[in-house]
Amino acid sequence: MTVILMLVKIFLFPGLLFTLLVSLWLAGIDRRLVARMQRRVGPPLLQPWYDYLKCCGKETIIPRKANKRVFLAAPLLGLASVLVTAMLLPVGGISVFSGLTGAADLVVILYLLTFASVTLIVGAAASGSPFAGVGLSREMVAMISYELPFVLVILAVGRAAGQGLNEISQILLGAEGMGVTFSLADIAAYQQLTGLPLIARLSLIPAAIAMLFVIPCEVGQQPLDIDEAETEICEGVLAEYSGRPLARFKLMHLIKMYVMSGLFVAMFLHIETGILVLNVLIYLVLCTLVTFVSMTVPHAIMARLKVEQVFKFYWTFVTALALISLILVWCGV
C-alpha cells in the first residue's frame, strides 16, 4: 500500500501529471492575459501544449560541429531537474517527498534550479553556434544577477521560520529548537501554527518583493529573457535546437514558471484549511496570482532589458531589498 501511494504521488498528484497540467495552465493563462493587456485576441489556453506537440513532431537536426551526446543529453537533464524540483513543493500540505520532513529541501531546490540553468549553458556550448555562444554568456550573467538576492531571500525566510519555531518549542516544550531552517515543511508548519502567512510579517515584505523580481529572471521570461532574445541573437541558447530536444527545453521553461510561483506560495503564502480540495484550489489561485504579478504584467508593459541593466538592477535594488529583510529578521524584528 505504501508503494502504491508513493507511485500515485510521483505520477499523479502532486507529481508528474499535476505538475504538467498546472504548468500548461499557467503558461496558457499568462499568454492570454498578456494578449488582452496588449489589446490582442491571443492564443487558446492550450496553445503551449499545441506548441510542445508540434515541436515533438519536427525533425531533430544536430549541427555538424556539435558534441552530439552532450547536445542531446542537456535538455533531458534540465527537464528532469525541474520535475524533481516540482515534486519537492508542498501542494495543499502534501509533497511527493513529504516523508523527508526536516530535510534542507530549499537548498536542494536552489541547486536543482541552478542545474537546470547550467544545462542550458552546456547545451548551447555543445551546439557550436556563435549565436548560442552569445546566449550562454548572457545566461551566465543572468545567473550571477539573480542568485545572490535569491539566496538572501531563502536565508531571510529560513531565519524567520526557524526563529519562530524555536520560540514555540521553548514555550510548549521548554526545549531549544533550531535558529534557521531550510525545510519547506517547517516553513509551512510555522505559518500554519501562527495562522498568518510570512508575507504578513513586515520584516519579510522586502524579501517577498525581491522574490517577485527574482522569479521572471530565473524563469527567463520577458522582459528578462536576455539569453534567448529572438530579435537580437536568434533564440540564443536555443538557436540550434529543434524537434524533441527543443520541446524538452520549452517544457522545462513552462515547469519552471510553475515551480517558481509554487515556491513563492510555499515560502510566503502557505494556507491550509484542513480540506485537501480547498487547499489545492487556494494553492492554484495563489500560483496564478503570483504568475500574473511577477511575469505577466512585466511581460505586457516592459521592453526587454539590456544585459548590463539586468546585472545592475539585481545587484543593487533587488539585493538591497533581500538584505534589508535578512538584517531585520536577524535582529528579531
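In this text, all values refer to a predicted model and were calculated from it rather than measured experimentally.
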With a 4.5 Å cut-off on side-chain heavy atoms, are [Y] and [X] touching?
{"X": "Phe268", "Y": "Val153", "value": "yes"}
{"X": "Met267", "Y": "Leu198", "value": "no"}
{"X": "Leu106", "Y": "Leu263", "value": "yes"}
{"X": "Phe313", "Y": "Cys217", "value": "no"}
{"X": "Leu204", "Y": "Val329", "value": "yes"}
{"X": "Val141", "Y": "Glu308", "value": "no"}
{"X": "Thr291", "Y": "Met257", "value": "yes"}
{"X": "Val259", "Y": "Leu112", "value": "no"}

Without swapping roles, check the side chain of [X] against the backbone of [Y] for a donor-acceptor pair under 3.5 Å.
{"X": "His253", "Y": "Val219", "value": "yes"}
{"X": "Ser325", "Y": "Ser203", "value": "yes"}
{"X": "Lys68", "Y": "Ile62", "value": "no"}
{"X": "Ser145", "Y": "Tyr314", "value": "no"}
{"X": "Ser261", "Y": "Tyr258", "value": "no"}
{"X": "Gln191", "Y": "Ala266", "value": "yes"}
{"X": "Gln222", "Y": "His299", "value": "no"}
{"X": "Thr319", "Y": "Thr316", "value": "no"}

Within the 6.0 Å centroid threshold, strictly below: Phe13 and Phe18: yes
Ring-ring centroid check Phe213 Tyr146, cutoff 6.0 Å: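 Ring centres of Tyr146 and Phe213 not closer than 6.0 Å.
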From Thr119, Leu79, Leu76, residue fulfilling side-chain contact (heavy atoms from CB on, under 4.5 Å) relative to Phe249: Thr119
Leu17 and its side-chain contact (heavy atoms from CB on, under 4.5 Å) partner, picked from Leu20, Leu21, Thr19: Leu21
Leu281 reachable from Leu286 in the ILVMFWY side-chain graph, under 4.5 Å edges: no
hydrophobic_cluster_shared for Phe115 and Val237, side chain cutoff 4.5 Å: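 Different hydrophobic clusters.
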I need the minimum non-hydrogen distance between [X] and [Y], along with the two atoms involved.
{"X": "Ser129", "Y": "Ala239", "value": "OG-CB, 4.3 Å"}
{"X": "Arg32", "Y": "Pro43", "value": "CD-O, 2.6 Å"}
{"X": "Cys287", "Y": "Gly262", "value": "SG-CA, 3.8 Å"}
{"X": "Met260", "Y": "Leu113", "value": "SD-CD1, 3.6 Å"}
{"X": "Pro14", "Y": "Ile94", "value": "CG-O, 3.7 Å"}
{"X": "Glu218", "Y": "Ser117", "value": "OE2-OG, 3.7 Å"}

Approximate separation, where rounding is to 0.5 Å, of Thr60 OG1 and Tyr241 OH: 11.0 Å
Euclidean distance, Thr273 OG1 relative to Asn279 CG, rounded to 0.5 Å: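 OG1 of Thr273 is found 3.5 Å from CG of Asn279.
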Check against side chain to side chain contact (heavy atoms under 4.5 Å, CB included), Thr114 and Met143: CA-CA 8 Å; Thr114 302; Met143 286 178 63; 3.6 Å; yes
Neighbour count >12 (heavy atoms, 6.0 Å) for atom CZ, Arg244: no
